[in-house]
Amino acid sequence: MRIEIRQTVFDPYAEIAVHERSARKPGQSGATACFIGTMRDFNDGSAVEAMTLEHYPGMTEKHLADICAQAAGRWSLHDVLVLHRVGDIAPGEAIVVVAVWSAHRNDAQEACRFIIEDLKSRAPFWKQEDIAGGKRWVSNNTSGYAAPGRKAGS
Amino acid sequence: MSIKVKFFARLREDAGIGERDVPFQAGMSLPEVWRGAGARCDMPANVLVAINMEYTRGAVMLKDGDEVAFFPPVTGG
């Protein structure tokens, strides 16, 4: 398992590939599930020019390690990678990668969703957007889970 | 005998404080910690609180040397 908070821009696809080559044994995992979150150039009706991501050093890593351990207890997993950006971010840059490896797809997919949903609702990160006329704090994240027949937030 | 109090994101700006040591008193409540830190705003209803980097809710039993963090709803990912 690898959890990392990073100040600098990264290529999420390369990070997954590098982790897979360095930490995984070829042929062991039949399934890899990934979530990649990317900075948008619009939010709440405004064009967003840039963003600053703040976090709580120490608690962030601890919280993510706890949630990955919970996922490993609930599903049968081979490996987990969580990489999250902090600092100044530009539109189009990756904010977060969650990748989960398992023997079969259900464990990887369910665990990947569990980790990203917990990260978005509980991990101590905060976004401040640069919009025309100043800066504004994002007040809350939308829910990623939808009731049957209803549309989830993003 | 003190506790370390931290504020993050919008609450850091509204409170006018990033981090402050507050004298520890046995049995002190979270609103007492908030006031003791000298925050410039009232404690909001939707505040999240962590003690020693673990979320907490409701009544707390603080100890000398604890770290208490106040922050708004999180928006990562």
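Below, chains carry the letters A, B, ... as their sequence lines are ordered, and counting in each starts from 1.
Grouping the Ile, Leu, Val, Met, Phe, Trp and Tyr side chains by contacts below 4.5 angstrom, directly or via other members, places A/W75 with A/I67. Connection of B/V60 to B/F7 is established within a shared hydrophobic cluster, with ILVMFWY side chains joined at heavy-atom distances below 4.5 Å, either directly or through further cluster members. Linking ILVMFWY residues whenever their side-chain heavy atoms come closer than 4.5 Å, directly or via other members, leaves A/I131 and A/F42 in distinct clusters.
Heavy atoms closer than 4.5 Å to chain B are found in the side chain of A/K62, but not in its backbone. For A/S139, the part lying near chain B is the backbone, with the side chain staying farther off; criterion is any non-hydrogen pair under 4.5 Å. Contacts between A/S121 and chain B at a heavy-atom distance below 4.5 Å involve the backbone alone (N, CA, C, O).
Of all the heavy atoms in B/M53 and A/M59, the pair that sits closest is SD-N, 3.2 Å. Across every non-hydrogen atom of A/Y56 and B/A69, the tightest pair is CE1-CB, 3.4 Å.
Using a 4.5 Å cut-off between non-hydrogen atoms, the part of residues 80-98 of chain A that approaches chain B consists of A/H84, A/I95, A/V96.
Here CD of B/E54 is found 9.5 Å from NE2 of A/H63. Values are rounded to the nearest 0.5 Å.
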Please output the side-chain donor-acceptor pairs of residues 38-52 of chain B that fall under 3.5 Å, not counting sequence neighbours, one pair per line with the distance.
{"unit_1": "B/R40", "atom_1": "NH2", "unit_2": "B/E13", "atom_2": "O", "d": "3.2"}
{"unit_1": "B/N52", "atom_1": "OD1", "unit_2": "B/E67", "atom_2": "N", "d": "2.8"}
{"unit_1": "B/N52", "atom_1": "ND2", "unit_2": "B/D66", "atom_2": "OD1", "d": "3.0"}

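Shown here are the side-chain hydrogen bond (donor to acceptor under 3.5 Å, both in side chains) partners of A/E20, two or more places apart in sequence or in another chain: A/W101. For B/T75, the side-chain hydrogen bond (donor to acceptor under 3.5 Å, both in side chains) criterion is met by no residue, not counting sequence neighbours.
Between A/W126 and B/F8, the angle of the ring planes stays under 30°, which puts this pair in the parallel group of the 30/60° scheme.
B/R10 CZ: 12 or fewer foreign heavy atoms inside a 6.0 Å radius. For A/R105, the CZ atom is loosely surrounded, since the number of other residues' heavy atoms within 6.0 Å does not exceed 12. The 12-atom threshold is exceeded at OH of B/Y55, counting heavy atoms of other residues, nucleotides or ligands nearer than 6.0 Å.
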